[in-house]
Amino acid sequence: MREAYIVNAVRTPGCRRNKGALAQTRPDDLLKTVLSAVVEQVKIDKSEVEDVLCGCAFPEAEQGLNVGRIAALMAGFPDSTSGATVNRFCAGGLEAVTTQAARIMTGWCEVAIGAGVESMTIVPMGGALPRPHPGWAQQNPDVYISMGMTAENVAKRYKVTREQQDEFAFHSQAKAAAAQKAGRFREIVPTPADRYLEKDGLWTKETFIQTLDDGVRETSVEALAKLKPAFSPMGSVTAGNSSQTTDGAAAVLLCSEDALKRLNLTPIAKVKCYVTTGCRADEMGVGPSYAIPKVLKVAGMKLEDIGLFEVNEAFASQCIYCMQQLGIYNDKSLWASDSGTRIFNVNGGAIALGHPLGCTGAKLCAQLMTEMKARKVRYAIESMCMGGGMGAAAIFELCD
């Protein structure tokens with residue numbers, strides 16, 4: 001089977017829902033920005049891209065109507081570039097990247113883009129018009145319950161304390177703040193952002209350029225401890241130890257070895273392996289604790305082979321549990337902000353940088369590509385949990 005190579009990976013900043021810089025920017029415009037940038041940065045013609053596949057957790061309204069195809073046309077790709085939208089909730093962006101990789105590996109495609117987009121401002125969590133099955137919901141409500149309550153279930157069942165969650169959240173923010181100050185998020189592309197202003201009864205649109213994730217905060221364990229539970233009055237999951245709801249888009253350009261040579265491109269990494277798995281819906285956050293061992297087994301590798309992890313911080317409780325099951329949590333040198341040898345979410349995670357649902361899989365891939373190159377790490381894993389009770393994990397191998 002052929003190899004699938006990642007040539008470039010970019011993302012918009014991740015910006016806070018409602019209050020952030022991208023709140024009034026349409027998601028199709030965000031996707032248009034990264035689709036153009038991921039190709040233009042490596043100086044190939046857009047006609048070389050055969051297909052765009054875009055992850056989106058709630059593909060409706062301004063991010064509906066097959067946003068993968070529409071945004072590609074908006075970005076100036078020719079009619080010959082096809083497009084589609086895929087929904088695996090929080091792993092949608094990773095599903096898009098790895099599906100394109102699989103198509104290249106089988107010889108069905110030469111050059112393709114895997115992407116992700118989500119405006120959680122414009123399309124709310126759960127979608128604009130959710131319609132749970134009434135009979136099924138009565139018998140099996142767990143698949144429909146709040147993600148926050150699944151995080152509470154993980155905390156209670158597996159004895160993840162409030163103190164542990166707040167400590168983990170503090171380190172996520174500290175790592176992200178340090179990375180931002182040091183300019184380590186080099187995968188971010190300057191993103192046009194819209195703002196609508198009313199004056200004297202008339203509305204005007206202003207456009208500015210956003211270059212930074214705007215949810216990163218300077219905080220402390222003590223400050224986080226003062227926050228009230230967000231989902232259960234007697235719970236331990238708060239806004240401070242949960243992922244930020246975020247707007248954003250990301251895109252990853254992949255191609256075959258033949259296309260690399262023909263287009264004179266330099267690859268970053270190979271897509272080595274990808275798996276998904278299921279778990280109980282009411283503790284969906286434990287998904288990576290199943291998916292990571294599975295992807296290692298399928299790839300014939302060991303945990304010790306992995307030099308870098310990006311595991312989505314949907315909630316501190318579930319991320320801590322997954323780290324515990326992998327044997328990472330107790331060694332703080334592997335993840336703490338004051339450790340120079342950390343390998344887990346090295347620049348912070350979704351608690352600080354945000355979780356734009358269907359975009360996140362492509363966003364984390366872009367962040368991994370930046371850090372794999374900078375640290376010269378041979379193997380890296382990306383993983384996340386998903387609503388409904390699932391986990392996904394992918395292994396990437398740095399090219400020489």
Side-chain angles (χ1 to χ4, degrees), residues 11 13-20 90 118 120 125 146-152 154-155 160-181 184-185 212-231 235-248 284-288 309-324 328-329 332 334-339 342-357 359-361 363-364 367-368 371 382-387:
R11 67 178 180 95
C15 296
R16 296 173 297 161
R17 177 181 64 91
N18 290 338
K19 299 178 181 179
C90 304
E118 205 80 39
M120 299 186 75
M125 175 73 82
S146 155
M147 295 299 99
M149 287 309 301
T150 70
E152 288 285 9
V154 171
V160 180
T161 68
R162 170 69 185 268
E163 291 73 22
Q164 288 175 309
Q165 294 173 63
D166 288 345
E167 179 191 38
F168 182 82
F170 161 74
H171 283 287
S172 183
Q173 290 284 358
K175 287 184 287 188
Q180 195 171 71
K181 289 175 182 176
R184 289 202 287 270
F185 296 120
L212 296 174
D213 302 305
D214 68 11
V216 180
R217 305 188 299 271
E218 289 191 8
T219 188
S220 65
V221 174
E222 293 75 20
L224 290 166
K226 294 177 182 178
L227 298 177
K228 294 180 180 180
F231 304 100
S236 60
V237 180
T238 72
N241 58 41
S242 304
S243 59
Q244 294 176 27
T245 48
T246 309
D247 307 325
M284 63 93 202
V286 305
F309 293 84
E310 278 289 344
V311 179
N312 188 45
E313 297 170 2
F315 300 92
S317 64
Q318 57 81 210
C319 211
I320 290 169
Y321 173 79
C322 293
M323 293 166 69
Q324 289 172 334
I328 292 174
Y329 179 71
K332 287 183 66 173
L334 298 178
W335 59 273
S337 59
D338 55 358
S339 169
R342 61 183 183 270
I343 62 173
F344 188 93
N345 293 3
V346 293
N347 293 326
I351 289 171
L353 300 170
H355 175 25
L357 298 181
C359 164
T360 289
K363 172 182 180 289
L364 294 186
Q367 291 172 206
L368 261 186
E371 283 303 306
E382 175 184 346
S383 185
M384 67 277 294
C385 58
M386 291 165 272

Can you give me the closest heavy-atom contact between [X] and [Y], atom names plus distance?
X	Y	value
Ala169	Gly240	CB-O, 3.3 Å
Ala230	Ala239	CB-N, 4.0 Å
Gly287	Cys385	N-CB, 4.3 Å
Gly387	Met284	N-SD, 4.0 Å
Ser172	Gly349	OG-N, 3.0 Å

Evaluate the side-chain proximity of [Y] to [X]: yes if any heavy-atom separation is below 4.5 Å, no if none is.
X	Y	value
Phe185	Asp213	yes
Lys363	Leu353	yes
Leu364	Asn312	yes
Asn241	Arg162	yes
Asp247	Met120	yes
Ser242	Val237	yes
His171	Arg342	no
Thr245	Arg16	no

- Item | Evaluation steps, side chain to side chain contact (heavy atoms under 4.5 Å, CB included), between Gln367 and Asn347 | CA-CA 9 Å; Gln367 291 172 206; Asn347 293 326; 5.9 Å; no
Gap between atom [atom2] of [Y] and atom [atom1] of [X] - 0.5 Å precision:
X	Y	atom1	atom2	result
Lys175	Asn345	NZ	CG	5.5 Å
Ser243	Met384	OG	CE	12.0 Å
Arg17	Glu118	CZ	CD	12.5 Å
Thr219	Ile351	OG1	CD1	11.5 Å

- Task: Kindly determine whether Cys319 and Phe344 satisfy side chain to side chain contact (heavy atoms under 4.5 Å, CB included), including the steps that lead there.
- Result: CA-CA 11 Å; Cys319 211; Phe344 188 93; 3.8 Å; yes
- Using side-chain hydrogen bond (donor to acceptor under 3.5 Å, both in side chains) as the criterion, list what pairs up with Thr360, not counting sequence neighbours. His355
- Message: Just to verify, what does Ser146 make a side-chain hydrogen bond (donor to acceptor under 3.5 Å, both in side chains) with, not counting sequence neighbours?
- Response: none
- Message: Test side chain to side chain contact (heavy atoms under 4.5 Å, CB included) on Leu224 and Thr238; report intermediate values, then the result.
- Response: CA-CA 9 Å; Leu224 290 166; Thr238 72; 5.7 Å; no
- Which residues satisfy the salt bridge (Lys or Arg N to Asp or Glu O under 4.0 Å) test with Glu222, sequence neighbours excluded? none
- How would you list, by chain and number, every residue that makes a salt bridge (Lys or Arg N to Asp or Glu O under 4.0 Å) with Arg184, sequence neighbours excluded? none
- Sorted by chain and number, sequence neighbours left out, ring pair (Phe, Tyr, Trp, His ring centres under 6.0 Å) with Tyr321 holds for Tyr158
- Residues that Phe168 engages under ring pair (Phe, Tyr, Trp, His ring centres under 6.0 Å), provided they are two or more places apart: Trp335
- Message: Whether Lys181 and Glu218 form a salt bridge (side-chain N of Lys/Arg under 4.0 Å from carboxylate O of Asp/Glu) is what I want to check.
- Response: yes
